[in-house]
Number of protein chains: 2
Amino acid sequence: MDHDVVAKLRKAGLRPTRQRIALAKLMFGKGARHITAEQIHGEALSGNVRLSLATVYNALNQFTAAGLLRQVVVDPARSFFCTQTHEHHHFFYEKTGRIEDIPEDMITVARLPEPPPGTSISRVDVVVRVDG
Amino acid sequence: MDHDVVAKLRKAGLRPTRQRIALAKLMFGKGARHITAEQIHGEALSGNVRLSLATVYNALNQFTAAGLLRQVVVDPARSFFCTQTHEHHHFFYEKTGRIEDIPEDMITVARLPEPPPGTSISRVDVVVRVDG
DNA sequence: GTGATTGCAAATCTTTTGCACTAAA
DNA sequence: TTTAGTGCAAAAGATTTGCAATCAC
């Protein structure tokens with residue numbers, strides 16, 4: 001419902017505008033998603049939500065900065081935004097360019113190296129590339 | 001020496017042109033490197049090797065297709081090419097945008113998930129992001 | 001010679017930005 | 001009102017491409 005999404009945006013310090021509400025409903029309304037700005041923009045237009053691609057980029061970046069989304073880097077050509085904000089990993093289908101979550105407990109990274117002095121690890125990403 | 005590089009290119013099925021030889025010497029002449037097209041182009045020009053950025057992109061892509069280089073995807077803004085072609089992983093320094101190898105035996109990925117039916121794993125990349 | 005390769009500039013693509021306009025509080 | 005947010009079109013980057021000139025064999 002709108003209420004959830006509005007509350008979510010408010011809590012993140014983002015003013016709940018028509019565009020942000022619509023995007024948030026698309027992003028968070030149907031489980032885990034991995035989607036590009038272009039794709040979400042297309043979905044919005046299909047659903048009769050009129051908004052510009054620039055606004056989509058701005059909103060997705062703001063959501064990411066606020067911790068509502070995560071950016072997944074697997075494809076040099078474009079950025080995917082992912083609705084799972086906790087530590088988890090990904091399958092990347094090289095043929096189709098699709099991304100899929102790997103349940104966090106399916107992968108164990110043992111013996112992580114020490115980060116260089118003066119730094120700390122902010123995140124560990126595992127990408128399993130699949131030729132499908 | 002030139003001979004090594006020429007042989008390497010020939011074996012990869014690439015005609016050893018002046019430009020490809022120069023690039024190969026820069027890439028493979030000083031141990032493991034992680035470098036962008038822009039950076040290598042700059043190095044070449046500094047070393048009085050005249051070649052266009054377009055040719056650098058073409059050559060690096062050909063080297064990658066031939067298995068001489070690997071592309072590392074960590075930064076949505078640009079592509080890094082890496083001279084280590086065997087399985088290994090990376091530190092990514094978020095502040096400086098630099099990449100560094102993690103010796104392969106420093107990380108152990110336990111319990112890799114099964115790839116979806118009909119596919120096989122082509123590669124596993126681990127990126128340790130560091131806030132330095 | 002002949003076919004592969006290069007260079008340049010133009011084209012493409014994704015993402016960001018400037019600024020006048022609109023909407024939320 | 002007042003300030004944040006939006007749209008558009010233009011700008012900015014990175015990378016690719018078309019085609020005539022050039023080079024390797």
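The basis for the numbers below is simple: all heavy atoms, side chains too, and nothing from hydrogens, waters or symmetry mates. To find a chain, count down the sequence lines: A is the first, B the second, and so on, and within it residues start at 1. For clarity, every value in this text was computed on a predicted model and none was experimentally measured.
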Report task. Tell me whether the OP1 or OP2 atom of C:dT16 has a side-chain N or O from A:Asn61 closer than 4.0 Å. Result -> yes
Report task. When you get a sec, tell me which of D:dT3, D:dA24, D:dT15 is the closest nucleotide to the side chain of A:Arg15? Result -> D:dT3
Report summary line: Tested for side-chain contact (heavy atoms from CB on, under 4.5 Å) against B:Val5, the lone hit among B:Lys25, B:Arg20, B:Arg10 is B:Lys25
**Report entry** Of the listed nucleotides D:dG5, D:dG7, D:dC25, the one nearest the side chain of B:Pro16
**Finding:** D:dC25
Requested in this report: Inspect the contact between B:Arg70 and B:Glu87 and indicate whether a charged nitrogen and a carboxylate oxygen are less than 4.0 angstrom apart.
Outcome: yes
Query raised in the report: Tell me: CD1 of B:Ile21 to C1' of C:dT6, nearest whole Å?
Result: 14 Å
Query raised in the report: Base, sugar-phosphate alone, or nothing: which one does A:Ala77 contact when heavy atoms must sit under 4.0 Å apart?
Result: sugar-phosphate
Query raised in the report: When you match A:Arg20 and A:Ala54 each to their closest nucleotide on DNA chain D, which lands nearer the 5' end?
Result: A:Arg20
Query raised in the report: Hey, does the side chain of B:Tyr57 come within less than 4.0 Å of D:dT15's phosphate (OP1/OP2), counting only N and O?
Result: yes
**Report entry** Euclidean distance, atom CG of residue A:Leu14 to atom C1' of C:dA25 [Å, nearest integer]
**Finding:** 15 Å
**Report entry** Rounded distance (nearest 0.5 Å) linking atom CZ of A:Phe28 with atom CG of A:Leu23
**Finding:** 9.5 Å
Report summary line: Whole-Å distance, A:Arg50 CZ to D:dG5 P, equals 22 Å
Report summary line: Separation of C:dA23 atom P from A:Leu9 atom CG, nearest Å, is 19 Å
Report summary line: Separation of D:dC8 atom C1' from A:His41 atom NE2, nearest Å, is 12 Å
Query raised in the report: Which of the following nucleotides, D:dA4, D:dT17, D:dC25, is nearest to the side chain of B:Asn58?
Result: D:dT17
Query raised in the report: Has B:Gln19 got a side-chain N or O lying under 4.0 Å from the OP1 or OP2 atom of D:dC23?
Result: no
Query - B:Gly13 or B:Pro76, whichever maps to the more 5' nucleotide of DNA chain C - result: B:Gly13
Query - Phosphate OP1/OP2 of C:dT14: any A:Ser79 side-chain N/O under 4.0 Å - result: no
Requested in this report: Measure the distance from CG on A:Leu51 to C1' on D:dG5 and round it to the nearest whole Å.
Outcome: 12 Å
**Report entry** Candidate nucleotides D:dT6, C:dT14, C:dT6, ranked by approach to the side chain of B:Thr55 - the nearest
**Finding:** C:dT6
**Report entry** Interatomic distance where CZ belongs to A:Arg78 and C1' belongs to D:dG13 [whole Å]
**Finding:** 17 Å
Requested in this report: Specify whether B:His90 and B:His34 have parallel, tilted or perpendicular ring planes, treating 30° as the upper limit for parallel and 60° as the lower limit for perpendicular.
Outcome: perpendicular
Report task. Using heavy atoms to find the nearest nucleotide of DNA chain D for B:Arg18 and B:Thr36 separately, return the residue whose nucleotide is more 5′. Result -> B:Thr36
Requested in this report: Answer yes if B:Leu112 and A:Val74 sit in the same cluster of Ile, Leu, Val, Met, Phe, Trp and Tyr residues linked by side chain heavy atoms under 4.5 Å apart, and no otherwise.
Outcome: no
**Report entry** Value in whole Å for how far the C1' atom of D:dT17 lies from CD of B:Gln62
**Finding:** 13 Å
